[in-house]
Structure formats: C-alpha cells, structure tokens
S.K.: 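Input: one structure, supplied below.
Just so it is clear, the model here is predicted, and its values are computed rather than measured. These values consider heavy atoms only, across backbone and side chains, with no hydrogens, waters or symmetry-generated copies. So that the names make sense, note that chain A is the first sequence line, chain B the second, and so on, each numbered from 1.
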Amino acid sequence: MLESDKEYILELYRAYYDSHYKTILDATPKYESREWAFLTFDNTMIRHRKISQPAEMLEYLLEPPKGIYYSLSIYEDPTAEMQDKGRITTDLVFDLDADHILGVRARKVFRCRECDYIGPDETCPRCDLDAKPIFVIDDYTIEDVINELHRLVKRIENYFDVRRESIRLFFSGLRGFHLHIEEKPYIDLDDVGRIEIKDFLTLEGIDFSKVRAVDAAAVSIVWEELGRLASKANLTDTSPPILKDILNVDSKETLYQTLKKLDPNSSQHVLKVIKQVCGIHVDPAVVTDLSRLIRAPFSLHGKSSLQKAPLSLEDLDRGGGYVVAKSMVFIGRVEVSVKYMPSLTWGGVEYPEIIDGKAVLPESLAIYLVNTGLASGLKPILG
Amino acid sequence: MEWDPIEHPLKWAGRYPYTQLGKSLFRELEIGIEEIFGGEGSAIVEAAKQEVISLIDKEVPPPETNEYISLAKFYVAAMITMALGNSFLISRFVEREASRSARYLSKADVDEITFLSKDLGLNVAYEDGRFKIHFIDFLRYVGGLSHIHWKLYYFPLYRGYVYLEKRWLIRILKEAIKESIEEIVYGIEAIPEEVAKIADEIRIKYGDSLPKKREYADRVGRVAPEHFPPCMKHLYMNIGKGLPHPGRFTIVAFLSSLGYTVEEILDLFRVTPDFNEKITRYQIEHILGLRGGKTRYSTPSCRKIKSFGFCFPDQICKKYRVKHPFQYLKGVMKKDAGE
C-alpha cells in the first residue's frame, strides 16, 4: 500500500475513534471484565488488555488501530495469561460468513501470480498462466448471507428457544453477520455443550441410523428443508436413488424410515449434500472457542472501513444495500486510480466496471478497493 | 406416591441421601459425631465400614432397610472413603451410589423422577407421555456419556426441550447424581479422629487390596511426584523456597493421603529456609489430626486450591474436568492406559 494511502486511511480512522470510543464501550456489556485486543496497521496484535473506564481506551487509540476486538468471555482477571484469567461466562455468538455459505454471490477478480495483471480473466492475457481469484463483496453477497441468517434465527428460535429480543445482531463489517446471545442459560455453556450446538447447526457427524424417533430434530430439519434440498440437489438420472426417495417422501414417517437407510459409508455423497443444504454453516471456532475474540461493536473493519453496525431483525428485510449503507461511516467521496473494479453495487448504488482509470467513489468503497489491491492513490476532492 | 418426599422425607433421604433434601435432613436430625460414634450409632459406623470394605472387595452389600442408618451411613462412608484418599475407591463409591439410585429410578413413577430432577437443579418435566429436559441441562451432562449416541439432533427437540424416554433420562440423571456425590465427597475438608481411625484400620487390613496402578508408584508403592497434578507438583518443587501457609497445608494433606509418614514429610521440609523441626512437626501432626482438635484435614478441592492461587490447570485437568487433585491422578492413569 502507498504510504500516502495509509496516511489517508489512518486520518479517517483517527477522527472516527476520537468521537466513537465511548460508543464502543457503551455497546459492550461488562466491558471492564473482558479482554481487549488491538490490531495495529503494522499487523501487530496487542492482547490481554483491560479497560476499566472510557479514558483508558484512548491510550490504545493514539495510533488508530486497524481492528478492535474483545473477548466473548468475561473474566475475573482479563489481563492474566489465558489459563489464569478465570472465565466466568462466555457469550454465545454465531458468525455467518459468506466464505462458509454455499452458492453465495461474490464478484471474482483475478490477479496474475507473475505480472501485475488484475482483471476479469481467469488466465492472465499476458503470461497465459492461471491467475489467483480475489472475491469482491458487494450488496448481493450480503443479501445472500441475509437469507442464511433468516434460517439461523428460525432454527435457534424453534429448537433452542432463543427469543428474538435476546438477540443482538451486527453486520460484521464485510462478509457477514455476528449474532450475539448474552444471557443465561446460554452464556453458561461449556465448550462441550458449544460443540454440540455447532454440530447441531452444521449437522456435523450425523448418522441417520442413530436417530431415536420419528420426530427427532434431525428428521424435522430435513423435513423443513425438503424444498431447499430439491432446488439445490440438482437431481439427474444418475443421482443416487436414495436421494430421489428422500425428495419424494409424502410424510415425516416415510422420511424417517428413508433417512434411517442412509449408510454413513456407502451414502457419503448423499449425506454430504444433506449436510451442505440442510445445515447452517456458522463459523465453528466462534461458537466453540471460549477464548475467542470478536470485533467490537461500532469498531471499523480493517479492510472495508465499514462499521460493525447494530441491526434489528427488521433491518434485514431492507436488503444488503441497506446493511452496507448503514455501516458506512466515511460517506465522503474520493478520487482513486483503479486497476480493475468489476461492476458492483455498494450501499444500494450500482457502479459500472472500471478498467485502468481514475474514478470518484465513496470513501468506503475506495478504501476497500485499495485494501484489496485493486486501486491506489487516494486523493481528496478539493473544493 | 410411595416415595413421597413431603410425606416420608426420611424414607426419601435414605434412598437419595446426596440430594438437597437428604443434606438438610442429615443436618436437621443433628446426627453429630458423638451420636454416630457413641453407643447408639455403632450400627451406622458398622454399616458405613462394611460399605467401604465392600467397595474394596467389589461386593455389593444388601440394601439397608433402616432409612435413618441408610442416610447417615452415606455421609460416614463418604468420610471414610475420603480419608483413605484413594481416587479409584472414591470413584467406586460415587459409581455405586449413583447406580443404586438409577436402579430405584428405573422403578420410580413420574413424580419421584421429576422431584429428584428438580432437587438436582435440572429443568425436567413430563408431557404427553414423555419426559423432557431443557437442552442446556442435557448438554451439561451428556459430555460424560458416549458422544456418538448422545448427539442433540438424534433426539426430538422443541423450543429448548429435549424429549426422551425414561431410561435415557435416567442415564442423564445418573451423571448429575455422580456430580452431586462428588461435590459432597470432595468437599469434605475435615476428617474426625474416629473416622481417621477407621480408615487406618481399613488401610492396615486391606491395604494390599486397595485399587492402584503400580506403574505410577514410586519404590514404596505411592504415586511418584512426576505424576502429581500441576498444583501439587508446583508446591512439591517449591517446598525448598518456602511456601505460604495454605500451600504448606495443601501439600502436607496431599502427601499424607498418598501414604507419606510424618517423618517423610518432615524430611522434605528440612530444606526450607526457616526450618524449625519442632514447629514443622507440630504443624504436620496438626494437619494429620494427631494433635489439637484431632481432626484430620483432607486435601482441598480444586476450588479451594484456586482460591489459594496455585491452580495451574493442564490438559488433563481440562479434559477430565478435574474438581479435586485425586481425580487428576485417575486421569493421568486413564490417559496412559490409552482410554
């Protein structure tokens, strides 16, 4: 990254954090009992910090950080070594990320490994070599993650009795959403219980021959997702007969009997399809790791400069563009030299493809392109 | 119901002595050490002693018909077992009591099962011919059971409740019962002189039959320091540097439970900077119940050790969710046996 670009971004982050450090703490329950961590722009992680009062936060913001994180756990001593911290409770957080979701729309750009080519071609036109794909996120990507999020909310509501008012929902700042549950009994779960919850959602390790009853959760989930399974499974003449049988069942009882026939060895492919389509692919580590750190609410994503913004479940109905627009804190416009940008929508506005040219873009989009290596030379628009 | 805890509390407590009701009744009846070890209580002491001996012999004694004795016997047997300080024997005690309860529960009616569940702090109810347990309670106890059969998705789950057959619920209750009994046994901090005497008698008579794994023993048949839990290893290694009072207390109680004699413990303390044989001997003998109030102190639980500030849990502590240093020794052996 150009030194001038780094300076430009640092200045924006500095101004933002000067006025928002209290907001971050206000949005963090029991902030004084959590471990805080700061990722510098030199990619050094400063960990095991405690913030007892807002003024102490300023100390870590003198040089604005690229990322601000806090521990999902509440500790007796957040500054101690990991084994001595004395964990009290741990928020249950589900992270839904575009990377883990099947068939999410994301624009692909290719970078040559040999020359400086960046563009839409999978093979470098100059070197004739396979180029490395870069995924560019836009409103449509977020839109697809929202659909997945609706499935997650419904599932934890129906099965785990998580009340909607107990959910604190945030846009993660780039690829997805963080769904926080910060109340008992969920925060008392140990790691074994959390692994079970993760496996329940992802259907990891499932063997339908072990299902205990016709109304077992495994059967109910597949029953609820039959329509989705039919549309995503791409049935052909050569599809395994048992998959066709599953899609043709007319009752839960028949589904139960059919699923029980799925042999974990000989039906591996069908099981994989069921898991992929009917499971909800939350980031496993965020659910299960009791020492996990997560981006702090209202802090900025290091790559996109978008905020980890709080959202209501109703906000989701307004679409991906609304979510991105709500998370934009740098709303000014800036001139930037773009090597390549695919056509995309950002915060509800469509932008056409740019090939090697100067463009005036919203600051957040320009910063994202600079951080992704697709653009450089941020220049304020004078006057 | 036949076993109504309200109408027949003593009957209930005799059957499930480790429950909140059992504990409070044991306290209310004021069955003090004097009563137990006086003339009237000899039946209780004898029953408790036989219970512990039968654990060593691996024989199951006939069920106790007198509920008063049954209740008191549990607490005395727990003390004797703890005084013997053998982690395998403690496990056998816990397992036997829990299995006994599970047998009662398999014949129990809905009210008895739900009352016991509630007493154990579990959210359990009966609905439309099936039991249901809150999934958080379910998850809390299935960790100790065979993982592959107890996955949450194999069970009906609606609005936070797992629905399951009686026999599956009893399996979960058994885990909760084991935890309650472990809390009682490992929570015993002081061993009355009379109990210590019985433990010594048993140790002399049945010492060779006490369960142990020889490969972990040092030359005189005790667990070698390299297999100690991290807290005890830390204290053992730092005796020479001088330990704070709770540290001395803990390591002395621990070493004594492993069979170290006063002289052997005293020798370990000779290297301390401010060693005074007379004072150290007095302190050790006091902890071992040979002086003063004649109460023998047992090894503190992990919770206590943590509050003293020398808990340094390692992988074994975490894997076996160790609540007491004795459990660690068992964990080490399991690990090496490849279990």
S.K.: Just wondering, do B/L157 and B/F138 contact through their side chains at under 4.5 Å, heavy atoms?
M.R.: no

S.K.: More than 12 heavy atoms of other residues, nucleotides or ligands under 6.0 Å from NZ of B/K304: yes or no?
M.R.: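 Open: at most 12 neighbouring heavy atoms sit under 6.0 Å from NZ of B/K304.
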
S.K.: Pick one of side chain, backbone, both or neither for A/E204, based on which atoms fall under 4.5 Å of a heavy atom in chain B.
M.R.: backbone

S.K.: Mind checking the CG-CD1 spacing from B/L164 to B/I172? Nearest 0.5 Å is all I need.
M.R.: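 Here the rounded value is 5.0 Å.
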
S.K.: Checking heavy atoms, do the side chain of B/F155, its backbone, both or neither come under 4.5 Å from chain A?
M.R.: both

S.K.: Could you check whether atom CZ of B/R159 has more than 12 heavy atoms from other residues, nucleotides or ligands sitting under 6.0 Å from it?
M.R.: yes

S.K.: Return the option, out of B/D137, B/D314, B/L152, with the maximum number of heavy-atom pairs under 4.5 Å with chain A.
M.R.: B/L152

S.K.: When heavy-atom pairs shorter than 4.5 Å are enumerated against chain B, which of A/I197, A/I206, A/D190, A/L189 gives the highest number?
M.R.: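 If we count pairs closer than 4.5 Å to chain B, A/I206 comes out on top.
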
S.K.: With a 4.5 angstrom heavy-atom cut-off, is it the side chain or the backbone of A/E157 that approaches chain B, or both, or neither?
M.R.: both

S.K.: Who pairs with B/H134 by ring pair (Phe, Tyr, Trp, His ring centres under 6.0 Å), at least two apart in sequence or on another chain?
M.R.: B/Y161

S.K.: If you count heavy-atom pairs under 4.5 Å with chain B, which of A/A217, A/G193, A/S220 comes out on top?
M.R.: A/A217

S.K.: Roughly how far apart are A/R292 CZ and A/S71 OG, rounded to 0.5 Å?
M.R.: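 Output value for this atom pair is 12.5 Å.
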
S.K.: Taking everything shown except B/K118 itself, do over 12 heavy atoms lie less than 6.0 Å from its NZ?
M.R.: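 It does not: B/K118 NZ has 12 such atoms or fewer within range.
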
S.K.: Given that the side chain runs from C-beta out, which part of A/D188 has a heavy atom under 4.5 Å from chain B: side chain, backbone, both or neither?
M.R.: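 Nothing of A/D188, per the 4.5 Å heavy-atom cut-off to chain B.
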
S.K.: Check each atom of A/I156 against the heavy atoms of chain B and say whether the ones under 4.5 Å are side chain, backbone, both or neither.
M.R.: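 Contact with chain B involves no heavy atom of A/I156 at all.
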
S.K.: For the interface with chain B, which of A/V219, A/N158, A/V162, A/D215 has the highest count of heavy-atom pairs at distances below 4.5 Å?
M.R.: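 Among the listed options, the one with the most contacts to chain B is A/D215.
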
